[in-house]
Number of protein chains: 2
Amino acid sequence: MDSKDKDFYQAKADVLKALAHPTRLWMTEKLADGECCVRDFVELTDFDFSTVSKHLSVLKRAGIVDDEKRGKQVFYRLKVPCILNFMQCVEAVLRDRLDHQITMLK
Amino acid sequence: MDSKDKDFYQAKADVLKALAHPTRLWMTEKLADGECCVRDFVELTDFDFSTVSKHLSVLKRAGIVDDEKRGKQVFYRLKVPCILNFMQCVEAVLRDRLDHQITMLK
DNA sequence: ATAACATTTGGTTATTATGCCAAATGTACA
DNA sequence: TGTACATTTGGCATAATAACCAAATGTTAT
């Protein structure tokens with residue numbers, strides 16, 4: 001693994017890291033249904049505005065979401081819908097793991 | 001988001017978290033080309049055996065890889081090839097981000 | 001049995017992430 | 001202009017992660 005490869009894997013890992021948090025993952029999937037502003041997420045959870053805002057900024061920095069200021073609000077949008085296909089794969093991992101656990105108990 | 005949803009997003013985030021490290025990501029992609037033992041990864045990097053072993057155990061716990069002991073060695077295998085399709089999406093995010101940066105400079 | 005090899009586990013330290021509060025910024029409207 | 005609203009930023013305490021070294025475990029062959 002040379003230094004160029006290292007940078008590449010670091011960059012890809014950073015995108016994954018942005019998704020690798022339950023709240024951010026939930027937000028990402030929620031945004032697939034249409035744009036939301038910070039307040040929307042605050043109302044659907046028990047997190048502080050600052051917490052929600054920081055999570056969204058992590059997703060934005062990673063390039064997963066986009067934002068647009070309209071009036072007083074900032075609307076966030078899912079920028080890369082292929083993320084959702086990916087989630088199917090993650091769920092496949094979970095199912096597979098479950099099958100394995102069941103097999104172990106038999 | 002009720003408590004069942006919360007658990008589900010936590011479980012999915014845990015799978016992503018396992019992948020969200022440059023070394024583990026590299027290992028995962030390497031395993032797509034065929035099984036490797038701990039020593040193989042140690043030789044290709046400058047990490048300690050213990051470091052490599054711990055990374056592999058994170059991937060195993062997440063259900064991404066499988067292991068099999070044969071003789072003195074433990075061989076690791078990619079269990080869920082769909083992870084690789086997912087990587088194409090992550091790379092798309094990177095390309096998209098780059099395009100955006102280029103546009104900003106114009 | 002013991003020596004050599006392959007891997008894992010335990011322990012330590014440094015770095016990073018999370019979530020809250022408080023304060024700052026930006027925007028619309030009276 | 002000032003007040004309310006929406007979001008972001010800074011700071012802090014706590015928790016989680018990563019890498020190394022050393023020691024333990026398990027396996028094969030002498």
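In what follows, every chain begins at residue 1, and chains take the letters A, B, ... in the order their sequences are listed.
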Q. Atom CZ of B:Phe49 to atom P of D:dA22: distance rounded to whole Å?
A. 16 Å

Q) Between A:Phe49 and A:Val38, is any pair of side-chain heavy atoms under 4.5 Å apart? A) yes

Q: With a 4.0 Å heavy-atom cut-off, tell me which residues in residues 57-68 of chain A come close to DNA chain C, sorted by residue number.
A: none

Q. What's the shortest heavy-atom distance between A:Ala20 and B:Ala20, and which atoms?
A. CB-CB, 4.4 Å

Q | Protein proximity profile, nucleotides 20-30 of chain C - base contact B, sugar-phosphate-only contact S, no contact -, cut-off 4.0 Å on heavy atoms | A | BBB---SBS--

Q.
I need the residues from residues 15-44 of chain B with at least one non-hydrogen atom less than 4.0 Å from DNA chain C; give them sorted by number, or say none.
A. B:Cys37, B:Val38, B:Arg39

**Q.** Given C:dT8, D:dT7, C:dG19, the nucleotide with the shortest approach to the side chain of A:Ser53
**A.** D:dT7

Q. Do you know which of A:Val15, A:Asp66, A:Ile64, A:Asp67 makes side-chain contact (heavy atoms from CB on, under 4.5 Å) with A:Leu59?
A. A:Ile64

Q. Whole Å only: how far is the OH atom of A:Tyr9 from the P atom of D:dA18?
A. 18 Å

(Q) Against A:Cys36, only a single residue in A:Val52, A:Leu56, A:Leu31 fulfils side-chain contact (heavy atoms from CB on, under 4.5 Å); can you say which? (A) A:Leu31

Q.
Rounded to whole Å, how long is the line connecting atom CD of A:Gln73 with atom C1' of D:dC5?
A. 9 Å

Q: Using a 4.5 Å cut-off on heavy atoms from C-beta on, say whether the side chain of A:Phe41 contacts that of A:Trp26.
A: yes

Q: Please write out which residues are connected to A:Val58 in a hydrophobic cluster, directly or through intermediates, given that two of Ile, Leu, Val, Met, Phe, Trp, Tyr count as joined at side-chain heavy-atom separations below 4.5 angstrom.
A: none

Q: Would you give the length of the straight line joining atom CZ of A:Phe8 to atom CG of B:Leu25, rounded to the nearest 0.5 angstrom?
A: 9.0 Å

Using residues 71-95 of chain A as the side-chain source, report each donor-acceptor pair under 3.5 Å to any protein atom, sequence neighbours left out, with the distance given to one decimal.
residue, atom, partner, partner atom, Å
A:Arg77, NH1, A:Glu68, OE1, 2.9
A:Glu91, OE2, B:Lys12, NZ, 3.0

Q) Between B:Leu56 (CG) and C:dT7 (P), how many Å, whole number? A) 10 Å

Q: Specify whether A:His55 and A:His21 have parallel, tilted or perpendicular ring planes, treating 30° as the upper limit for parallel and 60° as the lower limit for perpendicular.
A: tilted

Q) Do the side chains of A:Val65 and B:Leu98 join up, straight or via other hydrophobic residues, at under 4.5 Å, putting them in one cluster? A) no

Q. Closer than 4.0 Å, any side-chain N/O of B:His55 to the OP1 or OP2 of D:dT17?
A. no

**Q.** Contacts of type side chain to side chain donor-acceptor pair (under 3.5 Å), residue B:Gln10, not counting sequence neighbours
**A.** B:Asp14

Q) How would you label the contact of A:Phe75 with the nucleic acid (heavy atoms, under 4.0 Å): base, sugar-phosphate, or nothing? A) nothing

Q. Are any of A:Tyr76's side-chain N or O atoms less than 4.0 Å away from OP1 or OP2 of D:dT8?
A. yes

